Amino acid sequence: MRLSRYFLPVLKETPSEAQIVSHRLMLRAGMIRQQAAGIYSWLPLGFKVLRRIEQIVHEEQQRAGHIPLLMPTLQPADLWRESGRYEAYGEEMLRIKDRHKRDLLYGPTNEEMITDIFRSHVSSYKDLPLTLYHIQWKFRDEIRPRFGVMRGREFLMKDGYNFDLTYEDAMHAYNRHLVSYLRSYERMGLQAIPMRAESGPIGGDDTHEFLVLAETGESEVFYDSEITDLRFGEREIDYDNVDQCRAVLEEFTSRYARTDDTHDAAAFEAQVPEERRRSARGIEVGQIFYFGTKYSEPMGATVVNDKGERVPVHMGSHGIGVSRLLGAIIEASHDENGIIWPEGVTPFHAGIVNLKQGDAAADAACESLYAALKAKGLDPLYDDREERAGAKFATMDLIGLPWRITVGPRGLKNGVVELTSRRTGESEELTAEAAIDRLAQIYAPHL
RNA sequence: CGGGGCGUGGCGCAGCUUGGUAGCGCGACGGUUUUGGGUACCGUAGGUCGUAGGUUCGAAUCCUAUCGCCCCGACCA
């Protein structure tokens, strides 16, 4: 993309309503525009990152064998009356009447609807296990939306639902989700720690929340410092292998890690040596639940087992806060000049800064660099505006592309361009060809 | 919902106490400057002062109502 033809409304000054750094930076970088309390338009740059995150979630869910579908944002109230949650959910549910005065609601989650789909089409244990998911907009009429996309009322969430014949099968689905979530977050450049949590209105017995440590997090967390050394990394895993998945769960959840909801000071002190005890703040970016037959029983989601008996299926639901992740990533990765995108989610792979727009040699070098990067399958942003170098650097730093190639007449005289890491600030002079190869190598794992 | 604060060009703000017909910085636009980390100068455009009603010769300013936004708390991906 050429910046001169893009739509990137960056702000020099910080809008007064933004209190936390991710919100400020998203506004300043022209990623979002607030339309009402907790409701945002996604401008091109923000939309691009949102799509990259969605893509990672899709890939990792499907790698785990989970099947995508799409359910609507509006749901009939009757479905929720069946589960008893139409009344129970409270003011947070946005209720709507259509022209015929029928009761609808803007879905805050989809357990009822997915259960309805399941019960109308699945009747045999032979069709299990089954995990269906979608990535769809949700609406929860929060009392107090805040912090930009971190606590919006409308938000994009991946929610997945597993249907299994037995408790054991459902626990495997639970473990499988934990593994797939660990992989997803790591691909986004995040460390998200699974912590024992409370189930809230979804209900259920087993549940873990995934938290990204950040000063501005809304949850207080307590953990064993050893847990931050754990990485899923590049290991191979067979998602159908029950033992392998369980081993990962045990590895990542055996040490003490809890949110303030479930924190037990006595257990914390008993289990964790003092020098490893940490308390911090965290941003919740996902949660997995096992809730058994809580919905399948009242809603009649049953299958016939191998003995010919009709039994309710064991279910769980699993969510990733897709739109919230943008905020979480920025909270975890920024500096005083702006955002620092991890390679896995960056809106553009590299920025090209032409220091002297209109200089024949510089223009030509930038054009060929731009074309060559695209030929490698990369997505560069070429700042071809008639701006001073400082303004271009400031824009690039603000929007946070992890790599920048700086091209100017001085360097070109020596046959070099400059490749700069946004994260470290370190620059290296090298030929354009070498810079292209370097970037192709850096991004090879992410394409 | 309880407590606090704020609505004035795209953004950040001043003006309001003591009513007299709107101003500054940034940004935008047109020039000059050719500048290697938000350059400087000249010029231009852009505002029913959130909305409605009231008081007044006259309201951004005073009064009433209303809408919206932000912050702290209880709730949540």
Side-chain angles (χ1 to χ4, degrees), chain A residues 9-20 23-24 27-28 30 33-39 53 57 89-93 107-110 135-160 181 192 197-202 207-212 217-219 259 261 282-289 317-328 337-338 353-359 362 383 385-398 404 406-413 417-418 420 425 427 429:
Chain A
V10 299
L11 304 174
K12 214 171 200 178
E13 285 170 285
T14 306
S16 58
E17 77 266 17
Q19 297 300 313
I20 64 167
H23 190 195
R24 283 203 294 269
L27 290 168
R28 287 197 53 214
R33 173 166 179 83
Q34 183 173 333
Q35 306 291 169
I39 299 176
I53 291 173
V57 173
Y89 216 95
E91 291 292 302
E92 213 171 89
M93 177 187 281
T109 175
N110 284 60
I135 298 180
Q136 177 62 292
W137 293 94
K138 304 290 186 292
F139 195 95
R140 294 185 190 171
D141 201 358
E142 298 281 343
I143 297 166
R144 188 156 83 85
R146 59 186 135 170
F147 301 152
V149 300
M150 299 272 274
R151 177 163 300 291
R153 292 192 294 170
E154 187 184 49
F155 60 97
L156 189 62
M157 180 166 94
K158 170 262 159 184
D159 44 321
Y181 280 24
E198 283 204 325
S199 58
I202 309 275
T207 178
H208 282 89
E209 286 178 345
F210 289 78
L211 284 110
V212 173
E218 291 188 90
S219 314
T259 63
D261 290 335
I283 301 166
E284 196 192 321
V285 293
Q287 188 159 13
I288 54 178
F289 295 94
S317 70
H318 316 275
I320 292 181
V322 174
S323 47
R324 173 180 282 185
L325 273 165
L326 274 89
N337 296 320
V353 168
N354 186 344
L355 292 173
K356 195 164 184 180
Q357 206 69 41
D359 177 272
D383 190 345
R385 296 173 303 166
E386 299 285 346
E387 287 285 350
R388 199 157 181 264
K392 293 188 177 187
F393 289 140
T395 299
M396 284 297 176
D397 287 350
L398 175 63
R404 186 184 80 208
T406 309
V407 180
R410 288 184 205 166
L412 289 175
K413 272 186 198 136
V417 298
E418 196 179 73
T420 306
S427 287
E429 293 201 329

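Keep in mind that what you see is a predicted model, and the values were worked out from it rather than measured. In what follows, every chain begins at residue 1, and chains take the letters A, B, ... in the order their sequences are listed.
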Pairing partner (Watson-Crick or G-U wobble, both distances under 3.5 angstrom) of A28(B)
U44(B)
Contact under 4.0 Å: Arg28(A) side-chain N or O vs C26(B) OP1/OP2
no
Distance between C1' atoms of A28(B) and G38(B) (Å, rounded):
16 Å
Could you work out the separation of C72(B) and U32(B) based on their P atoms and round it to a whole Å?
49 Å
With side chains defined as the heavy atoms from C-beta onward, is the minimum distance between Thr395(A) and Glu387(A) less than 4.5 Å?
no
Within the structure shown, what part of the strands sits under 4.0 Å from Pro9(A) by heavy-atom distance: base, sugar-phosphate, or nothing?
nothing
Would you mind reading off the distance between Arg24(A) atom CZ and C11(B) atom P, rounded to a whole angstrom?
18 Å
Do the ring planes of Tyr181(A) and Phe210(A) sit parallel (below 30°), tilted (30 to 60°) or perpendicular (above 60°)?
tilted
Can you measure Phe139(A) atom CZ to A77(B) atom P for me and round it to whole angstrom units?
16 Å
Contact check, side chains of Phe393(A) and Asp383(A), non-hydrogen atoms, under 4.5 Å
no
Tell me the partner of U35(B), counting only Watson-Crick (N1-N3 plus N6-O4 or O6-N4) or G-U wobble (N1-O2 and O6-N3) with both under 3.5 Å; none if nothing fits.
none
Side-chain atoms of Ala36(A) come closest, of C11(B), U39(B), C69(B), to C69(B)
Pi stacking test for Phe155(A) and A77(B): under 5.5 Å apart, planes under 30°
yes
Using atom NE2 of His318(A) as one end and atom P of A77(B) as the other, report the distance to the nearest whole Å.
14 Å
Which base sits across from G19(B) as a Watson-Crick or G-U pair, both distances under 3.5 Å?
none
Which part of the nucleic acid does Arg153(A) contact within heavy-atom distance under 4.0 Å: base, sugar-phosphate only, or nothing?
nothing
Under 4.0 angstrom, heavy atoms only, what part of the nucleic acid is Leu11(A) near: base, sugar-phosphate, or nothing?
nothing
From A74(B), C11(B), A77(B), pick the nucleotide closest to the side chain of Arg144(A)?
A74(B)
With heavy atoms under 4.0 Å as the rule, sort Gly319(A) into base, sugar-phosphate or nothing.
nothing
Measure the distance from CG on Asp359(A) to P on G36(B) and round it to the nearest whole Å.
13 Å
Examine G27(B): is either OP1 or OP2 under 4.0 Å from a nitrogen or oxygen in the side chain of Lys12(A)? Give yes or no.
yes
Pair assignment for G9(B), Watson-Crick or G-U wobble, requiring both distances under 3.5 Å:
none
What nucleic acid atoms does Val322(A) come within less than 4.0 Å of, heavy atoms only: base, sugar-phosphate, or nothing?
nothing
Under 3.5 Å donor-acceptor, Glu142(A) side chain and Arg144(A) backbone
no
Without decimals, in angstroms, what is the distance between Leu412(A) CG and G36(B) C1'?
12 Å
Sub-3.5 Å donor-acceptor pair from the side chain of Lys356(A) to the main-chain atoms of Pro409(A), do we have one?
no
U61(B) versus G23(B) - spacing of their C1' atoms, nearest Å:
15 Å
What integer distance in Å separates Glu386(A):CD from A28(B):P?
14 Å
Any side-chain N or O of Arg388(A) under 4.0 Å from OP1/OP2 of U39(B)?
no
Starting at the 5' end of RNA chain B, which residue's closest nucleotide do you reach first, Ile320(A) or Gly390(A)?
Gly390(A)
Taking the side chain of Phe147(A) as heavy atoms from C-beta outward, which of A74(B), C71(B), G38(B) is closest to it?
C71(B)
Pairwise P distance, G5(B) and C62(B) [rounded to whole Å]
16 Å
Look at the side-chain N and O atoms of Gln34(A) and state whether any lies under 4.0 Å from the OP1 or OP2 oxygen of C70(B).
yes
Can you check the distance between A45(B) and C63(B), where both ends of the measurement are the P atom (answer in whole Å)?
36 Å
Whether Arg146(A) contacts C71(B) is assessed here as follows: a side-chain N or O lying under 4.0 Å from the phosphate OP1 or OP2. Is that the case?
no
Return the pairing partner of U61(B) with a 3.5 Å limit on both distances, Watson-Crick or G-U wobble; otherwise return none.
none
Quantified in whole Å, what is the P atom distance between nucleotide G10(B) and nucleotide C49(B)?
14 Å
Write down the distance separating the P atoms in A14(B) and C6(B), rounded off to the nearest Å.
10 Å
Looking at the base of G27(B), is there any donor atom on it, or on the side chain of Glu13(A), that sits under 3.5 Å from an acceptor on the other one?
no
For nucleotides C75(B) and G15(B), find the distance between their P atoms and express it as a whole number of Å.
40 Å
Measure CD1/Ile135(A) against P/A77(B) and give the value in whole Å, please.
17 Å
Among G36(B), C75(B), A77(B), which nucleotide sits nearest the side chain of Ala389(A)?
G36(B)
Rounded to whole Å, please give me the gap between CG in Leu27(A) and C1' in C26(B).
17 Å
Under the 3.5 Å rule, do the base of G36(B) and the side chain of Arg404(A) count as making a donor-acceptor pair?
no
Indicate yes or no for a side-chain donor-acceptor contact from Arg153(A) to the backbone of Pro145(A) under 3.5 Å, with no hydrogens or angles considered.
no
Compare all side-chain heavy atoms of Thr420(A) with those of Met396(A) and state whether any distance is below 4.5 angstrom.
no
Just call it for Gly358(A): base, sugar-phosphate, or nothing, with non-hydrogen atoms closer than 4.0 Å on any strand.
nothing
Contact class for Gly327(A) (heavy atom, under 4.0 Å): base, sugar-phosphate, or nothing?
nothing
Donor-acceptor check, side chain of Lys138(A) to backbone of Asn110(A), threshold 3.5 angstrom: yes or no?
no
Close side-chain approach of Leu355(A) and Thr406(A), heavy atoms under 4.5 Å
yes
